[in-house]
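So that the names make sense, note that chain A is the first sequence line, chain B the second, and so on, each numbered from 1. As a basis for the values below, the full set of heavy atoms in this structure was taken, side chains included, without hydrogen atoms, waters or symmetry mates.
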Amino acid sequence: MSSAVKSLNSKELEELGNNCVEIEFNKGDIIFKQGALSSNIVYLKSGLAKIHIKGPYKEQIISITKATSYLGIPSTFNDKIDEYSATALEKTKVCFIDARVFKDFINRKGGFAYEIIIEMCKNKINAYKKCVNRAQKQVHGRIADSLLYFYKEIYNNKKFTLPLTRHEFAGLVDTSRESVCRILSQFNTDGIIKLNGNKITIVNEELLEKISKSG
DNA sequence: GCATTAACCACAG
DNA sequence: CTGTGGTTAATGC
């Protein structure tokens, strides 16, 4: 349950439940696709998903999002067509909520709208930060950033399995597949991380932090 | 000039 | 799909 939904009373919850469908996705399943028609708010109930956009040359990963969160607010309110895609990175449960009901709640319930606005602001700030980092840090820093992000924001564990291929990881930090390979194995030989296929353990957090900050 | 960074290509597991 | 090595273009001392 999102903090916005918590502000609803039981009758409103019932109304939401009647206009909501829950679906389970497996790793690699597309939750919704850029260009498709959608009139749903998409809420990630459990699991992990990536948000990505097809650019003129390649697929760019915009963000990795952990439950619980909304995946589909911005595109659905402005536009009937999804501006981006979402794909499940692991077994994932998703609720599709009728946008009309959602709009109705926003109009009627200040508390509900307030929580939604907060979530959107957070997303926006993150997007701005990501934009600056991508533009000003060099590849080592961006990769260090992402590793710390997975450790702190997603898994809360220094030991985790990358849910992405090297190619996807490259799309996330805006570099080439080869650079990802090289830098990860360099971090490995330098004793900053322990690398075993997609299994990563962060060994020297301070140094990784330093690389992330200094770019 | 020379060094560094990182993309592109190619080829092998 | 990954890992590496060589090459190359851009940028910065």
Evaluate the ring planes of A:F160 and A:Y155, with Trp represented by its six-membered ring, and classify them as parallel (under 30°), tilted (30 to 60°) or perpendicular (over 60°). parallel
What is the separation between atom CG on A:L184 and atom C1' on B:dA6, rounded to the nearest whole Å? 15 Å
Using whole Å, what does the distance between atom C1' of nucleotide B:dA7 and atom OH of A:Y57 come to? 14 Å
Does OP1 or OP2 of C:dG3 have a side-chain N or O of A:S185 closer than 4.0 Å? no
Quick one: A:R134 CZ to B:dA6 C1', roughly how many Å, whole number? 17 Å
If only side-chain N and O atoms of A:S179 are considered, is one of them under 4.0 Å from the OP1 or OP2 phosphate oxygen of B:dT5? no
Should A:R166 be listed as having a side-chain N or O under 4.0 Å from OP1 or OP2 of C:dG3? yes
Euclidean distance, atom CZ of residue A:F187 to atom C1' of C:dG3 [Å, nearest integer]: 17 Å
What integer distance in Å separates A:E168:CD from C:dT2:P? 8 Å
What's the closest nucleotide to the A:H140 side chain, out of B:dA6, B:dC9, C:dG6? B:dA6
Cationic tip of A:K130 above A:Y149 ring, under 6.0 Å, 45° of axis: yes
I want to verify a distance call: between B:dA6, C:dC1, C:dG5, whose nearest atom is closest to the A:V139 side chain? B:dA6
Stepwise, does the side chain to side chain contact (heavy atoms under 4.5 Å, CB included) test hold for A:F32 with A:L71? CA-CA 10 Å; A:F32 55 85; A:L71 296 178; 4.0 Å; yes
A:I192 and A:V203: CA distance, side-chain angles, deciding distance, side chain to side chain contact (heavy atoms under 4.5 Å, CB included) verdict: CA-CA 5 Å; A:I192 300 170; A:V203 179; over 6 Å; no
Of the listed nucleotides (C:dG3, B:dA7, C:dC1), which one gets closest to any side-chain atom of A:T165? C:dC1
Under 4.0 Å between any heavy atoms, over every strand shown, what does A:Q138 touch: base, sugar-phosphate, or nothing? Just pick one. sugar-phosphate
Nearest-neighbour nucleotide for the A:E178 side chain, C:dT4, B:dA7, C:dT2 considered: C:dT4
If you find the nucleotide of DNA chain B closest to A:I183 and the one closest to A:R177, which residue's nucleotide is nearer the 5' end? A:I183
Whole-Å distance, A:R182 CZ to B:dC8 P, equals 12 Å
From NZ of A:K137 across to P of B:dA6 the rounded distance in Å is 13 Å
